[in-house]
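So the structure is just underneath, and the comments pick up after that.
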Amino acid sequence: MLDRKFLRENRDLVTRAVALKNESVDIDAYYEKDAARRAALQETETLQAEANKANRAISDAKKAGQDAGPAIAAMKEVSARVKELKAAADALEAEVEQLYLRIPNIPHESAPEGGEENNELVRTWGEVPEPEFEMVPHWDLGRELGILHAERSARMSGSGFALLSGAGARLERALINWFLDVHLAQGYTEHNVPYLVNRTAMTGTGQLPKLAEDMYHCEVDDLFLIPTAEVSVTNIHMKETLDAAELPLKYCAMSPCFRREAGAAGKDTRGLLRVHQFNKVEMVKFVLPEASWDELEALTADAEELLQKLGLPYRVLALATGDLSFAAAKCYDLEVWSAGVGKWLEVSSCSNFLDFQGRRAGIRYKGPDGKGYVHTLNGSGLALPRILVAIMENYQTADGRIAIPEVLVPYMGGMEYIT
């Protein structure tokens, strides 16, 4: 969230940010209700000063043996008005808070303006393959090799869920272990985190209230299945003050991710392209404000290293304002080329949230040079389904096998092909 004083002093900037991000919050209502709340509080303070003066007048009248009735009557009127104003201020504060939680982070000035079509190509790596045979999409290749079972998963869970078996399941496990090992070498500390979190945690990272319809909610316990390990890992330090000398902190974690994809009907639903449950390795950083932009570049490079070592061609896009997430100030998407479907597939989003999440989650820092809210960053390192898609499709052979990327062969027990 943004600082309330900043909101009051930068109405035009905040209003423009809401428009650039295509957010639905009624920003005018926020300012109107906040002004009414502050006016009620100011009047309350004035009346309380009058009440204090009346109390002294009553006390003085009684000590002098004078009639305190008029002062007492005036005091009752003031007290009633104060009570009324406090109730009004409390009601307004509840309304302001709900609107406040829906105000997005402000896009960084370097983010291109516009929607998805205005995303800016930053760089590419690798050559898009030009195969000499007809490429088979992964859903057909996986079925033919007996490692991907769409009908079986649909019978038990419905559409949008995946079932991998044999070498397919082993390949995913190999990727997870390798991702984590690379991140450890990059200086990250591995965590094993809860997959169910409360409303406070979801609100802290910005999933609630905006994305409530996309969450799987366990009503009995009022807990939410995490859509990404970002939620759990960021909230490791919820309501804590970190030592500035220990920053940056670099964490990683693997978790299943659960997403209802409420607004994604009909979008890339075949095979592993868009599923409700998938595994992902996440990187999260807690950094000092002055370091966060350099840390974003370093975070993105850490994710890119994985794609380069896998030999998968990819591109980096700077997201336009209308394509940025609610909480992000700037984001780079990493998209890998997948030959079977002939598309670029997003496999990582590397974002800088500035102090937006730190403020929501109450994560501060303190040191000899100052104190404040930490800046948080995160990025996928990487999301498993589309990496599996890219390997299955880009590494398929003319005779219908899947070659294992060299870096994964040791993690596959020496297996070089899925046959």
Could you check whether atom CD of Q42 has more than 12 heavy atoms from other residues, nucleotides or ligands sitting under 6.0 Å from it?
no

So does E290 have more than 12 non-hydrogen atoms from other groups sitting under 6.0 Å from CD?
yes

Any side-chain donor-acceptor pair under 3.5 Å between T321 and E113?
no

Heavy-atom side-chain proximity of V14 to Y30 below 4.5 angstrom
no

Verify whether the ring centers belonging to F326 and F356 lie closer than 6.0 Å.
yes

Using modelled atom types and a 3.5 Å cut-off, is there a donor and acceptor pairing between side-chain atoms of E23 and backbone atoms of P104?
no

Could you report the tightest heavy-atom contact between A244 and G367, atom names first, then the distance?
CB-CA, 3.8 Å

Check the surroundings of atom CD in E297: do more than 12 heavy atoms from other residues, nucleotides or ligands lie under 6.0 Å from it?
yes

Passes ring-ring contact (aromatic ring centres under 6.0 Å, His included), H237 versus F286? Steps please.
CA-CA 9 Å; H237 294 299; F286 304 85; 5.1 Å; yes

Heavy-atom count check: over 12 atoms from other residues, nucleotides or ligands less than 6.0 Å from E117 CD?
yes

Other residues, nucleotides and ligands only: do more than 12 of their heavy atoms fall within 6.0 Å of CD on E9?
yes

Got a sec: does the CZ of R401 have more than 12 other heavy atoms crowding it under 6.0 Å?
yes

Could you check whether the rings of H276 and F161 sit parallel, tilted or perpendicular, using 30° and 60° as the cut-offs?
tilted

Would you find more than 12 non-hydrogen atoms of other residues, nucleotides or ligands less than 6.0 Å from K33 atom NZ?
no

If we only count heavy atoms from C-beta on, is the N352 to W293 side-chain gap below 4.5 Å?
yes

Polar side-chain atom of N105 near backbone of A327 as donor-acceptor pair, under 3.5 Å:
yes

Do other residues, nucleotides or ligands put more than 12 heavy atoms under 6.0 Å from R152 CZ?
no

